[in-house]
S.K.: 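Structure incoming, see below.
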Amino acid sequence: MKQVYDAIIIGGGHNGLVCACYLAAKRWKVRVLERRHIVGGAAVTEEFHPGFRNSTASYTVSLLNPKIIRDLRLHEHGLRVVERPYSNFLPLSDTEYIKVGGSLEATQREVARFSKRDADKLPAYYAMLDRVAAVLKDLLLETPPNVGGGVADIFQALKIGKRFKSLDMAARRDVLNLFTQSAGEMLDDWFESTPIKACFGFDSIVGNFASPYTPGSAYVLLHHVFGEVNGKQGIWGHAIGGMGAISEAIAAEARLRGVEISTDSSVARLQVEKGNAVGVVLEDGTELYSKRVISNLNPKLLFQKIVAPQDVPLEFNQRINAYQCGSGTFRMNVALHELPRFTCLPEAGPHHSSGIIMAPSMQYMEQAYFDARTHGWSKNPIVEILIPSTVDDSLAPRGQHVASLFCQHVSPTLPSGASWDDARKEVADLMIDTVNKFAPNFKASVIARQIHSPLDLERKFGLVGGDIFHGKLSLNQLFSARPVLGYGNYRTPIGGLFQCGAGTHPGGGVTGIPGHNAAMEILKG
């Protein structure tokens, strides 16, 4: 019997599930197809050693949009997020550290230990970021004006232009700087002390294979301050049960709305007739039909693996082939029999529940990038640790812990054609040793580890080049130009084929916004 749907969604990551929820709310018959055995894409929680569970890839919460949390009743489906006591804790040496967050006054006291001038400038710096972020946040839940899209998009462009016109000249200059400057240049203009610049500069290279002095990296910094937790702006948090709790809550709402979710259902190809999508064929040969097919995949994966080249214009394919992916990420999970004891702050405390960053200066980060470009990975890498079991005892046996290690920089492809399969263990050892320099008990406390090189991330989650954002957050790949100028409105050259993943506006992170925006466009008809 022919299986026909109002919409078929390829990829059961959180954006695909969000899109499905909004479409199903209009009584559409929706089918979500997920290649893996579990929904959530990169936002999943899995056991990686007996008794130890953790967020496998994505590992922290802030960018999940509050409108989506409300609309999809995620708290009613059990989602609970607890705030970090500090945003970040940076060990700087055997005796020095800096803690940022908790409150403005607490951060000022920390910064004043290194520079009173910088502590005094913090309120103005935060106000500048908040002013720019407030304008840009208004644009997150809107479809960008589509270049060449017609009268409707002209009106959308005018509407967006009015928002920027409402800013005073100082704020307009800040917007320009944040889109074009490097984070390093911007922070050097604001501050004089190394520790606070390192703390803020880290946000500019998270998931960004670049130096903090690379032009445009200031926007990546801004991208990471859009979020909130429990109504508090700029806060980061832990999802109880891991990041999979977010995906499971969205999936629960989707099922209530009648969405059919199929795991172990890998799509082999898109079916196209007369320039329009008509359905998909699964790897097992099953044919499914719909006038609307929505991809939650990386754009390169969609158009290089699922769509036949002859079904889209040659020039479009060339643009997709040139679409830049690769976030310089090496991701690990470790099981620990005790908490790390940092030489500079050895006792257990709130800093263990914060983002712990091994990158004491922007120069350190820049050298890490240069090393990775030439050697394949950094000799002295950047490592961020989160230990969610300090606030969530469901993740590890009593008295033991799990830690997420988000490591940079590594090159998506290694020099001389070497394979990540051959290098992954050596690099994993290096990451453990790097943490051990700051917390000498760390290496001996590791019970087990789960390793994800860029190649592993691509194979398991479809993150092309290991790119956690489904494409670089550079000026030529943002807003109306994400993923390709002329198709920034979640549509594609194929009629009825849409995109709803992080390769569309506003980009990566566990936000749900691409899924929401794509659904709004699809419902317009």
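These figures come from a predicted structure and were not determined experimentally.
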S.K.: Sequence neighbours left out, what passes side-chain contact (heavy atoms from CB on, under 4.5 Å) with Asn380? Give chain and number order.
M.R.: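 Residues passing side-chain contact (heavy atoms from CB on, under 4.5 Å) with Asn380: Tyr364, Lys437.
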
S.K.: Do Ile240 and Val82 have side chains that approach each other closer than 4.5 Å (heavy atoms only, starting at C-beta)?
M.R.: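 When only atoms from C-beta onward are counted, Val82 and Ile240 do touch, with a gap below 4.5 Å.
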
S.K.: Considering all heavy atoms of both residues, which atom of Phe442 and which atom of Leu405 are nearest to each other, and what is their separation?
M.R.: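 So the minimum-distance heavy-atom pair works out to CZ-CD1, 4.3 Å.
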
S.K.: So, the side chain of Thr194 versus the backbone of Ser361: is there a donor-acceptor pair under 3.5 Å, distance only?
M.R.: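 No: the side chain of Thr194 does not pair with the backbone of Ser361.
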
S.K.: Asp188: which residues meet the salt bridge (charged side-chain N to carboxylate O under 4.0 Å, His left out) condition with it, sequence neighbours left out?
M.R.: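 In terms of salt bridge (charged side-chain N to carboxylate O under 4.0 Å, His left out), with neighbours along the sequence ignored, Asp188 is linked to Lys197.
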
S.K.: Measuring from atom CE of Met431 to atom CD of Glu426, what distance do you get when rounded to the nearest 0.5 angstrom?
M.R.: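 So the CE of Met431 and the CD of Glu426 are separated by 10.5 Å.
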
S.K.: Pick one: which of Gln367, Glu366, Gln363 meets side-chain hydrogen bond (donor to acceptor under 3.5 Å, both in side chains) with Ser211?
M.R.: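 Among the candidates, only Glu366 passes.
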
S.K.: First locate atom CD1 of Ile382, then atom CD1 of Ile205, and finally report the distance between them rounded to the nearest 0.5 Å.
M.R.: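 Separation between the atoms: 4.0 Å.
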
S.K.: Kindly confirm or rule out a cation-pi arrangement of Arg113 over Tyr97, judged by NZ or CZ under 6.0 Å from the six-membered ring centre and within 45° of its axis?
M.R.: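 So Arg113 does make the cation-pi contact.
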
S.K.: Would the distance check show the side chain of Thr511 and the main-chain N or O of Leu63 forming a donor-acceptor pair, the cut-off being under 3.5 Å?
M.R.: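 A pair under 3.5 Å: no.
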
S.K.: Test of understanding: with side-chain contact (heavy atoms from CB on, under 4.5 Å), list the residues that count as partners of Val111, not counting sequence neighbours.
M.R.: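 Val111 satisfies side-chain contact (heavy atoms from CB on, under 4.5 Å) with Ile98, Thr107, Asp118, Ala119, Leu122, Ile196 only.
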
S.K.: Can you tell me how the ring of Phe89 sits relative to the ring of His351, calling it parallel under 30°, perpendicular over 60° and tilted otherwise?
M.R.: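 Phe89 and His351: perpendicular rings.
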
S.K.: Are any side-chain N or O atoms of His409 and backbone N or O atoms of Ala368, one a donor and one an acceptor, separated by less than 3.5 Å?
M.R.: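 No, because the side chain of His409 does not come within donor-acceptor range (under 3.5 Å) of the backbone of Ala368.
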
S.K.: So, Asn208 side chain and Ser204 main chain: donor-acceptor pair closer than 3.5 Å or not?
M.R.: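 Judged by distance alone, yes, a pair lies under 3.5 Å.
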
S.K.: Are the aromatic rings of Phe303 and Tyr323 close, with centres under 6.0 Å apart?
M.R.: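 Centroid separation for Phe303 and Tyr323: 6.0 Å or greater.
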
